[in-house]
Amino acid sequence: MKPVSIGLLGLGTVGQGVANILLRNSAEIERRTGRPIRVTRAAVRNQAKAEALALDIDITTDADSIVSDPDIDIVCEAMGGEEPALQLLHKAIANGKHVVTANKALIAVHGNELLEAARDSNVSVSYESAVAGGIPIIKALREGLAANRIQWLAGIINGTGNFILSEMAEKGRSFADVLAEAQALGYAEADPTFDVEGIDAAHKLAIMASVAFGMPLQFDAVYTEGISHVTREDVEFADELGYRIKHLGLARKRQDGVELRVHPTLIPEKRLLANVNGVMNAVLVHGDAVGPTLYYGAGAGSEPTGSAMVADIIDAVRCLHAEPAHRVPMLAFQDDALSSHVMLDTPDYLSAYYLRLHALDQPGVLATVTDIFGKLGISIEAIMQKEPAMADSGEAADESGEVPIVPIILLTRRVREGLIEQAIDRIQALTTITQPVTRIRVESL
Ligand code: HSE
């Protein structure tokens with residue numbers, strides 16, 4: 001049978017992974033598809049560098065010529081970035097080609113328009129490799145869990161951020177030191193703020209939430225907080241309380257709307273997710289029928305990401321022969337059945353909290369703080385006062401002329417975020433509180 005012809009856009013780390021897997025496993029893959037698959041052409045920025053790889057692929061710097069080539073059946077985008085990737089995919093779709101992409105930003109931000117264009121052209125857009133690297137989480141959400149009403153999912157979906165937090169917790173290293181190593185090892189995005197400020201995780205969460213809850217992609221609705229303010233002190237205090245701090249993406253469907261949020265989170269140390277370390281990713285999904293299910297694996301890298309892309313290519317090969325009505329819908333639910341859930345705003349989020357305060361060590365300070373919580377109806381789960389440090393304020397000075405300052409750690413029970421903000425404002429207004437209050441959410445999962 002005539003081989004299926006793949007045009008690759010980008011032959012970097014991920015593109016090479018795809019080319020290598022398709023070559024090495026060609027016989028096994030053909031047993032699955034019934035047709036051979038060949039990467040026939042690849043578009044690159046640096047022709048000489050790509051030719052030095054000595055792959056049996058026609059190399060060009062003219063990406064347009066690939067998306068317009070009538071001999072290409074499936075376009076596989078592994079170039080990253082917004083443009084020219086977006087325009088090229090639109091052209092490929094308009095030319096009737098199925099598209100496979102690893103571009104999470106493109107799907108999260110421009111996915112609705114791309115999918116709309118694909119429906120109009122009767123082709124598919126596949127994006128398994130855009131989320132959690134080699135973990136087949138889109139397949140699991142879209143097909144394996146199709147019997148369920150998915151209630152929530154929570155994931156460690158940025159390897160760089162997880163590497164940083166793991167090294168801080170295990171080896172007591174500083175944030176800046178570990179980030180520099182993550183960059184040197186090539187885990188981080190070209191712009192590492194995408195990793196540490198949570199934007200990369202927010203892209204992935206927006207995609208998973210759409211597929212889980214059957215709604216259009218809503219990247220703008222994701223509350224995003226990074227890990228750059230997490231200190232070694234917090235990591236150690238959390239450890240003493242029996243928690244690990246992880247950078248979590250969380251999507252929860254409630255009666256009154258949907259919460260989409262990415263932020264550092266204290267997780268009980270006994271949870272499997274709390275023990276996912278280094279650059280590994282994991283996603284916990286809760287369905288009403290199946291209960292909790294956990295997916296774990298490499299969240300980045302050449303062949304793990306290539307594995308997900310090749311699986312999408314194999315599905316796309318099947319789409320070549322299947323009428324659109326017989327394909328799995330691109331966002332898991334029928335296009336006319338996508339729902340416009342209410343997106344909840346941060347004051348309505350529900351979470352428990354870890355708060356770190358620094359207070360002058362004077363009688364009555366703790367009582368004033370707990371009184372604020374009592375008056376707002378916020379229940380305290382645990383409270384921990386640490387050894388004092390000295391500050392050179394004039395008040396209540398000891399013999400050395402310095403006032404001791406004590407770190408106070410509080411864990412609250414689950415509460416509306418609007419209420420905890422009020423409590424923090426009132427605590428910060430106290431003259432006995434010497435530094436801004438640190439707030440980290442706690443999820444028991
Ligand atoms: N920078 C990303 C990460 C790469 O660290 O997870 C994979 O999306």
Side-chain angles (χ1 to χ4, degrees), residues 10 12-18 76-82 85 100-109 111 126-139 153-168 175-209 211 217 219 222 224-228 230 245-250 262-265 273 276-284 295-312:
T13 308
V14 175
Q16 285 178 46
V18 170
C76 193
E77 187 259 319
M79 63 201 304
E82 189 163 324
V100 172
T101 178
N103 197 324
K104 51 226 162 174
L106 215 58
I107 294 296
V109 180
S126 309
Y127 46 85
E128 180 69 77
S129 52
V131 182
I135 305 174
I137 187 64
I138 299 300
K139 193 81 155 178
L153 61 86
I156 294 171
I157 43 180
N158 181 269
T160 302
N162 200 42
F163 178 65
I164 293 172
L165 291 176
S166 305
E167 290 287 302
M168 283 170 76
F175 182 93
D177 175 34
V178 192
L179 173 59
E181 189 185 343
Q183 286 177 285
L185 291 169
Y187 302 146
E189 295 294 300
D191 175 356
T193 56
F194 271 54
D195 297 298
V196 297
E197 296 308 335
I199 302 156
D200 178 77
H203 287 144
K204 296 165 181 169
L205 184 75
I207 298 171
M208 287 196 293
V211 178
L217 292 141
F219 171 68
V222 185
T224 307
E225 186 181 307
I227 55 170
S228 49
V230 176
I245 301 180
K246 292 289 177 189
H247 201 196
L248 210 66
L250 200 139
V262 171
H263 49 68
T265 312
L273 220 48
V276 172
N277 291 318
V279 290
M280 300 307 275
N281 280 196
V283 185
L284 178 61
Y295 309 85
Y296 170 88
S302 179
E303 292 216 354
T305 311
S307 160
M309 284 200 105
V310 171
D312 271 351

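Indexing begins at 1, ligand by ligand and atom by atom, following the structure's order. Residue numbers run from 1 in the order of the sequence given.
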**Study point:** Closest heavy-atom pair and its distance - His247, Leu165
**Key:** N-CD1, 3.4 Å

Check your understanding: So, for Val109 and Phe219, which heavy atoms are closest and what is the spacing to 0.1 Å?
Key -> CG2-CD2, 3.8 Å

Exercise for review: Kindly determine whether Thr224 and Glu197 satisfy side chain to side chain donor-acceptor pair (under 3.5 Å), including the steps that lead there.
Suggested key: CA-CA 7 Å; Thr224 307; Glu197 296 308 335; over 6 Å; no

Point to revise | Sub-4.0 Å heavy-atom contact, Gly299 with ligand 1 | key: yes

Exercise for review: Applying side-chain contact (heavy atoms from CB on, under 4.5 Å) between Lys246 and each of Ile156, Ile227, Thr265, report the one that passes.
Suggested key: Ile156

Revision key, fill the gap. Atom 1 (N) of ligand 1 sits nearest the protein heavy atom Glu189 OE2, 2.6 Å

Exercise for review: Specify side chain, backbone, both or neither for Asp195, according to which of its non-hydrogen atoms lie closer than 4.0 Å to ligand 1.
Suggested key: side chain

Exercise for review: Check ligand 1 against Gly159 and write out every atom of the ligand that is under 4.0 Å from a heavy-atom position of the residue.
Suggested key: 3 (C), 5 (O), 6 (O)

Practice item. Identify, by atom number and element, the atoms of ligand 1 in contact range of Lys104, meaning under 4.0 Å from any of its heavy atoms. Key: 4 (C), 7 (C), 8 (O)

Review point. Are any side-chain N or O atoms of Asp312 and backbone N or O atoms of Tyr127, one a donor and one an acceptor, separated by less than 3.5 Å?
Key: yes

Check your understanding: How close does the nearest protein non-hydrogen atom get to atom 5 (O) of ligand 1, and which residue and atom is it?
Key -> Thr160 OG1, 2.7 Å

Exercise for review: To the nearest 0.5 Å, tell me how far Phe163 CZ sits from Asp195 CG.
Suggested key: 12.0 Å

Check your understanding: By number and element, which atoms of ligand 1 are closer than 4.0 Å to a non-hydrogen atom of Ala300?
Key -> 4 (C), 7 (C)

